[in-house]
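Everything on this sheet refers to the single structure shown next.
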Amino acid sequence: MTAIRHAAIVGSGPSGFYAAEALLNALPDIVIDMFERLPTPYGLVRSGVAPDHPKLKQVTLVFDKIMQSKRLNFLGNVEIGTDLSLDALRDAYDVVVLAYGASTDRKMGIRGEELENSHSATEFVGWYNGHPDFRDCKFDLSQEVAVVVGHGNVAADVSRILLQPCDNLRHTDIAAHALEVLAESRIREVHLVGRRGPVQAKFTSRELRGLGSIPQCVVVAHGDAVPVNPACEAELADRTNLNALQNVEFFRGLRGTVSKDASRKLVFHFCVSPERLDGEAGRVKRAVFRRTTLHGQPFEQAAVPTEELFAIDCGLVLSSIGYWGQPLEGLPFDFRRGIVPNRKGRVECSGAPVDGLYVTGWLKRGPTGIIGTNRADSIETVQQILDDLPRRAPRVRGRRQLLLDSLSLRNIRAVGLHDWLAIDVAERAGGMKAGKPREKLTRVTEMIDLVTRNVREAPDCCCASAG
Ligand code: NAP
């Protein structure tokens with residue numbers, strides 16, 4: 001018999017599911033409650049992965065299997081920090097694993113960022129993926145020229161969605177409200193701007209190649225410039241840096257590629273850093289950048305500003321410069337890095353481990369890596385839990401049940417597996433009518449109405465229970 005009977009996992013994205021899998025495999029007695037703020041599981045696999053990348057979403061089949069375990073209770077629509085405090089959770093569970101990711105975006109911190117038609121990529125991605133938080137965002141795609149700031153995979157996704165012929169998206173799970181707006185889009189030119197060079201761009205080469213194959217879209221590097229200095233050459237010579245080499249080959253191959261029937265254009269800019277956004281009548285009219293040069297040792301090169309400014313006239317700006325984690329009351333937090341301080345997943349406060357509290361995923365290491373990166377990351381965190389087992393005293397029994405009961409007493413409708421399956425069935429049925437894999441429900445109220453109706457009509461079915 002282990003000292004751990006009940007674990008809480010906060011967040012149901014990839015890192016949460018991989019932590020659950022590792023815990024279920026290692027501890028045959030454990031029962032896990034997986035708390036999720038939304039009524040739907042899968043985190044960024046549902047609301048971050050681009051709709052035209054269905055293969056990446058197939059990982060949900062793995063998560064579904066984990067969810068089917070009788071020792072895992074999905075408790076959606078329960079927000080830790082609002083509906084339940086972290087302290088209450090720590091009091092009720094032997095172990096708490098934080099896996100709620102990095103939900104906000106970094107800000108450019110420049111003048112004009114607050115102008116109309118200047119948004120973060122996080123908002124745009126959430127909007128086209130039907131995330132309830134972004135359901136009512138408005139994007140003015142009546143503009144012809146857009147600027148996307150940042151050279152990472154999210155910037156690649158949003159640029160592709162902006163330039164892709166809308167017909168290519170019709171049969172994806174893109175949110176209906178976004179498809180409607182994208183169908184009327186007049187965006188013809190996207191400028192994809194990075195503060196460092198082609199060697200330092202963070203696109204994975206696969207995503208970059210995807211940008212090169214958008215129908216009727218010509219792709220160029222601004223001024224045919226693909227700047228590579230001696231330190232960059234040293235970076236490219238490193239055998240572990242194959243991705244950068246492939247990226248640079250892609251950029252060099254762009255020179256002179258002009259297609260006559262291209263109606264859309266993607267322009268890469270290197271070594272330009274956002275300086276300010278100029279507006280007219282409160283709306284973005286121009287993005288002003290400062291040219292930079294690269295300085296430093298290979299792999300440590302920083303973008304150093306020069307005197308030279310450079311402007312792009314545009315009507316839409318999306319800043320895609322990374323995500324940022326959020327603190328919870330009572331949780332140690334590294335505000336400099338936007339993560340929870342930890343050693344291999346064991347949460348630390350002033351260098352000392354915090355009893356029973358662990359972290360995994362983007363909240364542990366920052367917003368880096370692909371979906372699969374989270375598996376090894378969560379296994380590492382669970383290993384710390386297992387290592388700590390001999391030192392653990394079990395929590396007082398019964399507090400977990402009191403905590404779960406307190407939800408319904410306060411009219412908080414926890415969404416269980418059965419409820420989620422009802423949402424899933426409804427979305428798939430909606431999708432079938434529209435020729436899509438699913439038509440996502442995009443408002444929490446409609447999801448809760450649906451599951452409430454579903455239980456009323458099938459009273460013998462069980463809801464989220466303590467297990
Ligand atoms: P990212 O890969 O970290 O890229 C952020 C970009 O923003 C970098 O080019 C960075 O430049 C730039 N940047 C940061 N601060 C800046 C500033 N103040 N001014 C100007 N530029 C700035 O972040 P991401 O694109 O948000 O992606 C997050 C993670 O999700 C990544 O690991 C990514 O691979 C993953 N992802 C994967 C996929 C996929 O596999 N299909 C899709 C989407 C996202 P510096 O390098 O100079 O800092």
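If you read the sequence from its start, that first residue is 1, and numbering goes on from there. Just so you know, ligand 1 is whichever comes first in the structure, and atom 1 is the first atom listed for that ligand.
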Classify the ring geometry between Phe63 and Tyr18 as parallel (under 30°), tilted (30 to 60°) or perpendicular (over 60°).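 Rings of Phe63 and Tyr18: perpendicular, over 60°.
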CZ (Arg264) with more than 12 external heavy atoms under 6.0 Å: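 Check passes, neighbour count above 12.
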Check whether more than 12 heavy atoms from other residues, nucleotides or ligands sit under 6.0 Å from atom CZ of Arg443, and answer yes or no.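 Buried by this count: over 12 neighbours within 6.0 Å.
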Donor-acceptor pair between Asn229 and Gln301 side chains, under 3.5 angstrom: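 Yes, side-chain donor-acceptor contact under 3.5 Å.
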Which protein N or O atoms sit under 3.5 Å from any N or O of ligand 1? Give each pair with its distance.
unit_1: ligand 1; atom_1: 9 (O); unit_2: His151; atom_2: N; d: 2.9
unit_1: ligand 1; atom_1: 15 (N); unit_2: Arg195; atom_2: NH2; d: 3.4
unit_1: ligand 1; atom_1: 25 (O); unit_2: Asn153; atom_2: N; d: 3.3
unit_1: ligand 1; atom_1: 25 (O); unit_2: Val154; atom_2: N; d: 3.1
unit_1: ligand 1; atom_1: 32 (O); unit_2: Gly369; atom_2: N; d: 2.7
unit_1: ligand 1; atom_1: 32 (O); unit_2: Gly369; atom_2: O; d: 3.1
unit_1: ligand 1; atom_1: 34 (O); unit_2: Asn153; atom_2: ND2; d: 2.9
unit_1: ligand 1; atom_1: 41 (N); unit_2: Glu207; atom_2: OE2; d: 3.2
unit_1: ligand 1; atom_1: 46 (O); unit_2: Arg196; atom_2: NH2; d: 2.9
unit_1: ligand 1; atom_1: 46 (O); unit_2: Lys202; atom_2: NZ; d: 3.2
unit_1: ligand 1; atom_1: 47 (O); unit_2: Arg195; atom_2: NE; d: 2.9
unit_1: ligand 1; atom_1: 47 (O); unit_2: Arg196; atom_2: NE; d: 2.8
unit_1: ligand 1; atom_1: 48 (O); unit_2: Arg195; atom_2: NH2; d: 2.8

Step-by-step salt bridge (Lys or Arg N to Asp or Glu O under 4.0 Å) determination, Asp387 to Lys344: CA-CA 12 Å; Asp387 290 350; Lys344 294 184 173 180; over 6 Å; no
Test salt bridge (Lys or Arg N to Asp or Glu O under 4.0 Å) applied to Arg276 and Asp278, step by step: CA-CA 6 Å; Arg276 66 169 196 270; Asp278 292 342; 2.7 Å; yes
